[in-house]
Amino acid sequence: SPCKVRALPAREFENIITKCLIDLGHNKALIESAIRKNSQFTKNKIKPLQHESDKTEQQLAKATVEINSLIKIMKSTDMVGRDINEEYKTLLREKVLLETQKEKLSLDIERCKQDMLDAEMVRKTLLSFDKVISSLPLEDQKDLFQLLIREITVWSFDPAKEKAPKEQG
């Protein structure tokens with residue numbers, strides 16, 4: 001194996017990552033940028049849902065008008081033809097489907113809105129990351145850090161002879 005480092009002290013890396021996350025909590029510009037990008041992402045996600053919801057609302061209004069027209073015809077006529085009865089039932093089923101679709105779209109839109117980040121919440125979460133991580137069982141801590149760490153690259157250097165490598169990532 002080309003790797004000369006056989007064991008890396010995991011706790012030290014975890015402590016460095018924890019400190020970095022806490023430091024990010026103090027970076028107001030970074031948090032605001034992340035919030036802006038998240039808001040834009042959420043708006044882009046909501047836009048087609050809102051368009052679909054508006055379209056469904058229009059179809060629902062049309063179905064309601066048609067149902068009301070049929071009801072007027074049914075009230076004004078003693079004998080209602082089978083065709084009108086069938087059309088009425090079809091429109092009622094369509095209306096129920098449209099109402100269900102509208103409700104689903106409304107819930108999807110609300111879920112998207114709830115996914116929007118709040119700058120203060122992000123800041124507090126980052127600042128208290130050490131408390132959160134230390135409250136977890138050891139296995140959960142390991143799992144969380146494995147999710148946070150994608151790759152670790154180790155460069156060897158002699159501090160007496162070289163400058164420290166520049167940070168990346």
Side-chain angles (χ1 to χ4, degrees), residues 14 16-152 168-169:
E14 291 170 358
I16 290 168
I17 290 167
T18 300
K19 183 185 177 320
C20 288
L21 290 171
I22 291 170
D23 289 346
L24 289 175
H26 294 289
N27 189 334
K28 187 177 178 180
L30 180 69
I31 292 172
E32 287 175 0
S33 172
I35 298 299
R36 273 192 309 276
K37 287 182 181 191
N38 174 263
S39 295
Q40 187 60 46
F41 175 78
T42 302
K43 285 177 187 175
N44 290 342
K45 203 167 146 184
I46 289 174
K47 191 183 269 187
L49 293 172
Q50 189 62 54
H51 176 70
E52 187 67 28
S53 178
D54 293 344
K55 189 173 144 184
T56 302
E57 183 67 41
Q58 290 170 354
Q59 291 172 334
L60 188 57
K62 181 182 174 203
T64 302
V65 167
E66 290 176 7
I67 289 170
N68 290 337
S69 296
L70 284 177
I71 290 173
K72 285 180 187 175
I73 292 170
M74 294 166 99
K75 284 182 180 179
S76 68
T77 309
D78 288 337
M79 288 184 62
V80 178
R82 207 172 109 208
D83 292 346
I84 292 177
N85 238 350
E86 288 301 317
E87 180 66 19
Y88 176 70
K89 289 177 185 177
T90 301
L91 285 170
L92 285 178
R93 284 192 297 272
E94 182 182 339
K95 182 179 179 187
V96 168
L97 287 173
L98 289 167
E99 287 171 339
T100 303
Q101 184 178 1
K102 174 98 172 92
E103 184 63 29
K104 181 190 175 303
L105 288 164
S106 294
L107 289 172
D108 288 347
I109 289 169
E110 279 307 307
R111 257 188 243 114
C112 286
K113 287 179 181 177
Q114 289 173 357
D115 287 345
M116 290 183 79
L117 297 177
D118 171 77
E120 187 60 20
M121 179 190 68
V122 171
R123 187 184 74 75
K124 284 181 180 179
T125 302
L126 288 170
L127 292 175
S128 63
F129 184 78
D130 59 333
K131 292 172 190 73
V132 172
I133 197 72
S134 64
S135 71
L136 295 173
L138 189 58
E139 274 306 307
D140 290 346
Q141 288 180 26
K142 288 179 184 178
D143 291 344
L144 180 58
F145 279 111
Q146 285 178 353
L147 289 171
L148 290 171
I149 301 169
R150 184 177 39 186
E151 177 181 309
I152 296 175
Q168 292 184 354

Distance-minimising heavy-atom pair for Asp118 and Ile35:
C-CD1, 3.8 Å
Can you name the residues that form a salt bridge (Lys or Arg N to Asp or Glu O under 4.0 Å) with Lys142, not counting sequence neighbours?
Glu139
Taking side chain as C-beta onward, heavy atoms only, is Leu144 less than 4.5 Å from Val132?
no
To the nearest 0.5 Å, what is the distance between CD1 on Ile133 and CD on Gln141?
5.0 Å
Exercise answer: donor-acceptor pairs, residues 59-70 side-chain atoms, under 3.5 Å, sequence neighbours excluded:
{"residue": "Thr64", "atom": "OG1", "partner": "Leu60", "partner atom": "O", "Å": "2.8"}
{"residue": "Asn68", "atom": "ND2", "partner": "Thr64", "partner atom": "O", "Å": "3.3"}
{"residue": "Ser69", "atom": "OG", "partner": "Val65", "partner atom": "O", "Å": "3.1"}

Side-chain ion pair, Glu99 and Lys102, N-O less than 4.0 Å
no
Within a radius of less than 6.0 Å around NE2 of His26, do more than 12 heavy atoms belonging to other residues, nucleotides or ligands occur?
yes
Tightest non-hydrogen contact, residues Leu24 and Ile31, listed as O-CD1, 3.6 Å
Minimal heavy-atom distance between Cys112 and Lys45, with the atoms involved, is SG-CE, 3.6 Å
Hits for side-chain hydrogen bond (donor to acceptor under 3.5 Å, both in side chains) against Asp83, two or more places apart or cross-chain, chain-then-number order -> none
Look only at the side chain of Thr42 and the backbone of Asn38, and say whether a donor-acceptor pair between them is shorter than 3.5 Å.
yes
Would a 4.5 Å heavy-atom cut-off, applied to side chains only, mark Leu98 and Gln101 as touching?
yes
Nearest heavy-atom neighbours spanning Ile109 and Ser53
CD1-CB, 4.3 Å
Going by atom types alone, do Gln58 and Asp54 pair a side-chain donor with an acceptor below 3.5 Å?
no
If you define the side chain from C-beta out and look only at heavy atoms, does anything of Leu97 sit under 4.5 Å from Glu94?
no
Between CG of Asn27 and CD of Glu32, what distance do you get to the nearest 0.5 Å?
9.5 Å
To the nearest 0.5 Å, what is the distance between CG on Leu49 and NZ on Lys47?
12.5 Å
I need the His51 NE2 to Leu105 CG distance, nearest 0.5 Å.
11.0 Å
Please report the closest heavy-atom contact between Met121 and Thr125, naming both atoms and the distance.
O-OG1, 2.7 Å
Which residue is it: Thr18, Ile17, Ile16? I am looking for the one with a side chain to side chain contact (heavy atoms under 4.5 Å, CB included) to Cys20.
Ile16
